[in-house]
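Worksheet for the structure shown next.
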Amino acid sequence: MHTAQRTSDLDRSRRLVLGEVLARNARREPHRAAVVFEDSSLTFAELDTRVNRLANALAERGVGRGDKVAVLMYNRLEVVESFFACQKLGACPVPVNFRLAASELAYILENSDSVAVLTDDELAPLALRSTSDLAAVRFVASTGRPVQGALSYEDLVAGGSPEDPGVDVDEDDLAFLMYTSGTTGRPKGAMLTHQNLVSNTINWILEMEARPGDAWLSGLPLFHIGGVNGLLPFIYLAGTCVITPSTSFDPQESLRLLEKHKPDMCYFVPTQWQQICELPGAATSETTNLRRALWGASQAPPSTLELLVETFPAVGIVNAFGQTEMSSNTCFLKADDAVRKMGSVGLPAVNVEVRIVDEDGQDVAPGEVGEIVYRGPTVMKGYYKADEATADAFRGGWFHSGDLVRQDDEGFIYVVDRVKDMIISGGENIYPAEVERAVERHPAVREVAVIGVPHPRWVETPVAVVVSDTEEHPDQSEVLDFLRSDLASYKKPRAVVYVDELPRNASGKILKRELRDSYWDLFAPSEATE
């Protein structure tokens with residue numbers, strides 16, 4: 001008994017988990033602003049107290065170590081509170097994309113075994129509708145105005161004890177369950193541990209040369225791994241995180257926030273940077289503190305990068321590349337190489353080991369195309385309840401990313417294509433198999449292939465190439481309306497094209513590259529519609 005206790009004490013003294021990161025800075029920098037959203041802010045002491053209150057309130061309602069709690073909210077301070085409250089209990093937050101349709105949300109809630117949903121008043125009807133048939137979900141709690149059928153989030157916080165819940169959380173416990181789709185179109189939950197996130201946070205700080213007390217502003221939603229990754233380094237460094245609204249992007253408002261809060265670092269996806277830099281006052285804006293302007297989530301056209309460099313010539317431009325399963329950053333193209341190596345995603349991050357391999361897992365020569373695979377402490381624990389997918393992803397003892405890349409003679413990595421044909425539209429991942437499955441349910445559709453084509457604002461957008469099962473093709477609007485209840489709006493094809501047959505190889509696989517080659521020019525930016 002005495003030896004076991006000593007071992008437990010030893011383990012506790014050596015670990016660092018996310019809840020303890022927050023508590024440490026609440027002690028060290030209690031009065032420093034931790035998070036800011038619109039006209040509200042919380043110091044580290046205030047944030048830690050509210051997190052403790054929420055954690056204890058959740059515990060009183062049966063939420064414990066290992067339980068999953070879905071967080072379905074627009075960007076707001078309560079998202080951060082919800083994440084840390086779960087983590088202090090040893091429970092696992094499940095950030096959910098608020099753009100999902102009810103059936104998509106219900107699948108994630110059921111697959112993740114979520115026992116509760118923390119939401120806001122605008123999304124509460126969606127949460128309640130999605131949980132109506134899920135017995136495992138014990139309650140829904142909503143911020144804002146009262147919502148029938150949901151508990152009051154603020155009542156939970158007010159009624160909880162301000163003391164730390166005192167739960168023994170291990171570094172290998174899940175810190176986030178982040179859902180990302182695969183080749184089957186069904187979302188898979190990437191299991192990210194506390195060690196994963198702390199390791200990635202330290203990588204990020206080292207690569208970006210972030211400093212204690214720095215301020216951060218991001219245009220990403222907090223359900224996105226990029227949103228989480230922007231938040232954690234500045235919580236770690238006792239800096240300030242400025243959270244932006246996620247319901248719509250306003251470039252003028254974003255520039256105003258940059259001028260008001262004067263962050264040291266900020267992040268927007270390429271389409272957002274394009275709109276900000278096109279504003280008449282962008283080049284002369286009062287952004288004197290800004291040292292790093294990051295972009296990522298999708299590839300940026302050279303014209304966007306050139307405009308970004310021209311608009312903010314004194315700021316270091318950085319491309320942050322990665323994926324959810326890697327917690328997420330794997331490569332950085334830093335400021336010194338941003339122009340010289342334009343088009344590259346940069347060099348591997350600290351503590352991320354990289355190989356580029358062929359189909360047999362053998363290294364390819366520099367300049368040749370292969371799949372990039374990873375090892376290191378940021379690699380996820382696996383996919384939740386998906387042993388076969390996990391085994392496939394980790395074959396040969398490396399995590400297989402699904403990205404086809406090449407590496408130049410200086411070691412810089414360039415993304416050539418995506419093994420899974422993923423479409424990235426405005427920074428959002430769209431998985432063709434998922435869209436195809438929804439389109440195929442239309443009674444007049446025999447076969448469909450979904451491909452990405454150019455878009456003037458979103459860089460890429462999905463198009464459905466359909467073989468009809470009837471002599472008269474259904475109107476495009478009829479097919480798109482049919483998808484309304486099954487797909488989030490950003491996933492829906494922007495056009496439907498009818499063909500007599502889909503091109504296939506000898507084994508019967510649809511040749512999507514051939515389809516993209518056929519339709520790329522047809523949907524060129526000058527002709528694409530919003």
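Hydrogens, waters and symmetry mates are skipped; everything else that's a heavy atom, side chains included, is used. Values in this document were obtained by computation on a predicted structure and should not be read as measured data.
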Euclidean distance, [Y] [atom2] relative to [X] [atom1], rounded to 0.5 Å:
| X | Y | atom1 | atom2 | answer |
| --- | --- | --- | --- | --- |
| Q87 | L174 | CD | CG | 10.5 Å |
| W295 | T271 | CH2 | OG1 | 11.5 Å |
| L305 | C277 | CG | SG | 10.0 Å |
| T330 | D403 | OG1 | CG | 8.0 Å |
| N351 | L206 | CG | CG | 8.0 Å |
| Y74 | T119 | OH | OG1 | 9.0 Å |

Any side-chain to backbone donor/acceptor pair from [X] onto [Y]? Under 3.5 Å, distance only.
| X | Y | value |
| --- | --- | --- |
| S327 | L197 | no |
| D392 | E388 | no |
| N25 | E29 | no |
| S112 | L109 | yes |
| D409 | P366 | no |
| R32 | T240 | no |
| N289 | P263 | no |
| S114 | A116 | no |
| D120 | M73 | no |
| D358 | D360 | yes |

Ignoring hydrogens, what is the shortest heavy-atom contact between [X] and [Y]? Give both atom names and the distance.
| X | Y | answer |
| --- | --- | --- |
| A389 | K188 | CB-CD, 3.8 Å |
| C241 | L231 | SG-O, 3.5 Å |
| D168 | D173 | O-OD2, 4.4 Å |
| G296 | N319 | CA-OD1, 4.0 Å |
| L347 | E410 | CD2-O, 4.0 Å |
| L18 | A175 | CD1-CB, 3.9 Å |

> Hey, what's the ring geometry for F98 with F223, parallel, tilted or perpendicular (30° and 60° as the breaks)?
Replying inline: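 Aromatic pair F98/F223 classed perpendicular.
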>> Over 60° means perpendicular and under 30° means parallel, so tell me whether F268 and W273 are parallel, tilted or perpendicular.
In response: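 Rings of F268 and W273: perpendicular, as their planes differ by over 60°.
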>> Using the rule given for side-chain contact (heavy atoms from CB on, under 4.5 Å), can you reason through N97 versus E428, listing the C-alpha separation, both sets of side-chain angles and the distance that settles it, and then say yes or no?
In response: CA-CA 10 Å; N97 187 338; E428 288 285 352; 3.9 Å; yes
Answer yes or no: is there an ion pair linking [X] with [Y], defined by an N-O contact shorter than 4.0 Å?
| X | Y | value |
| --- | --- | --- |
| D172 | K381 | yes |
| R256 | E259 | no |
| D170 | R65 | no |
| K68 | D113 | no |
| D337 | R340 | yes |
| E286 | K262 | no |
| E209 | R292 | yes |

>> C266 vs L290, test: side-chain contact (heavy atoms from CB on, under 4.5 Å). Steps then yes/no.
In response: CA-CA 8 Å; C266 67; L290 195 60; 3.8 Å; yes
Any side-chain heavy atom of [X] within less than 4.5 Å of one from [Y]?
| X | Y | answer |
| --- | --- | --- |
| Q323 | S401 | yes |
| F394 | M380 | yes |
| E207 | V318 | no |
| K334 | D336 | no |
| P165 | N52 | yes |
| L54 | Y153 | yes |
| S82 | V69 | no |
| P348 | I413 | yes |

> For R15, which of E171, E20, H194 qualifies under side chain to side chain donor-acceptor pair (under 3.5 Å)?
Replying inline: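 Among the candidates, only E20 passes.
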>> Could you walk me through whether L192 and V228 satisfy the side-chain contact (heavy atoms from CB on, under 4.5 Å) test, starting with their C-alpha distance in whole Å, then the side-chain angles of each, then the deciding distance to 0.1 Å, before giving a yes or no?
In response: CA-CA 12 Å; L192 304 180; V228 170; over 6 Å; no
[X]-[Y] side chain donor-acceptor pair, cut-off 3.5 Å:
| X | Y | value |
| --- | --- | --- |
| E325 | Y383 | yes |
| N229 | S328 | yes |
| T193 | N196 | yes |
| N111 | K385 | no |

> Taking D48 as the fixed residue, which of K88, R53, R27 is the one that meets the salt bridge (charged side-chain N to carboxylate O under 4.0 Å, His left out) rule?
Replying inline: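 Result: among K88, R53, R27, K88 is the only option passing the salt bridge (charged side-chain N to carboxylate O under 4.0 Å, His left out) with D48.
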> So among R406, R395, R355, which one has a salt bridge (charged side-chain N to carboxylate O under 4.0 Å, His left out) with E371?
Replying inline: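 The residue from R406, R395, R355 that satisfies salt bridge (charged side-chain N to carboxylate O under 4.0 Å, His left out) with E371 turns out to be R395.
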>> If the test is ring-ring contact (aromatic ring centres under 6.0 Å, His included), which one of Y236, Y267, W216 qualifies with W204?
In response: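 Of Y236, Y267, W216, ring-ring contact (aromatic ring centres under 6.0 Å, His included) with W204 is met by W216 alone.
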>> Could you walk me through whether V364 and V369 satisfy the side-chain contact (heavy atoms from CB on, under 4.5 Å) test, starting with their C-alpha distance in whole Å, then the side-chain angles of each, then the deciding distance to 0.1 Å, before giving a yes or no?
In response: CA-CA 7 Å; V364 302; V369 175; over 6 Å; no
> Can the positive tip of R76 be found less than 6.0 Å from the middle of the six-membered ring of F37, inside 45° of the ring normal?
Replying inline: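 Cation-pi check for R76 and F37: fails.
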>> So that I know where these two stand, are Y179 and Y384 an aromatic pair - ring centroids less than 6.0 Å apart?
In response: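 No.
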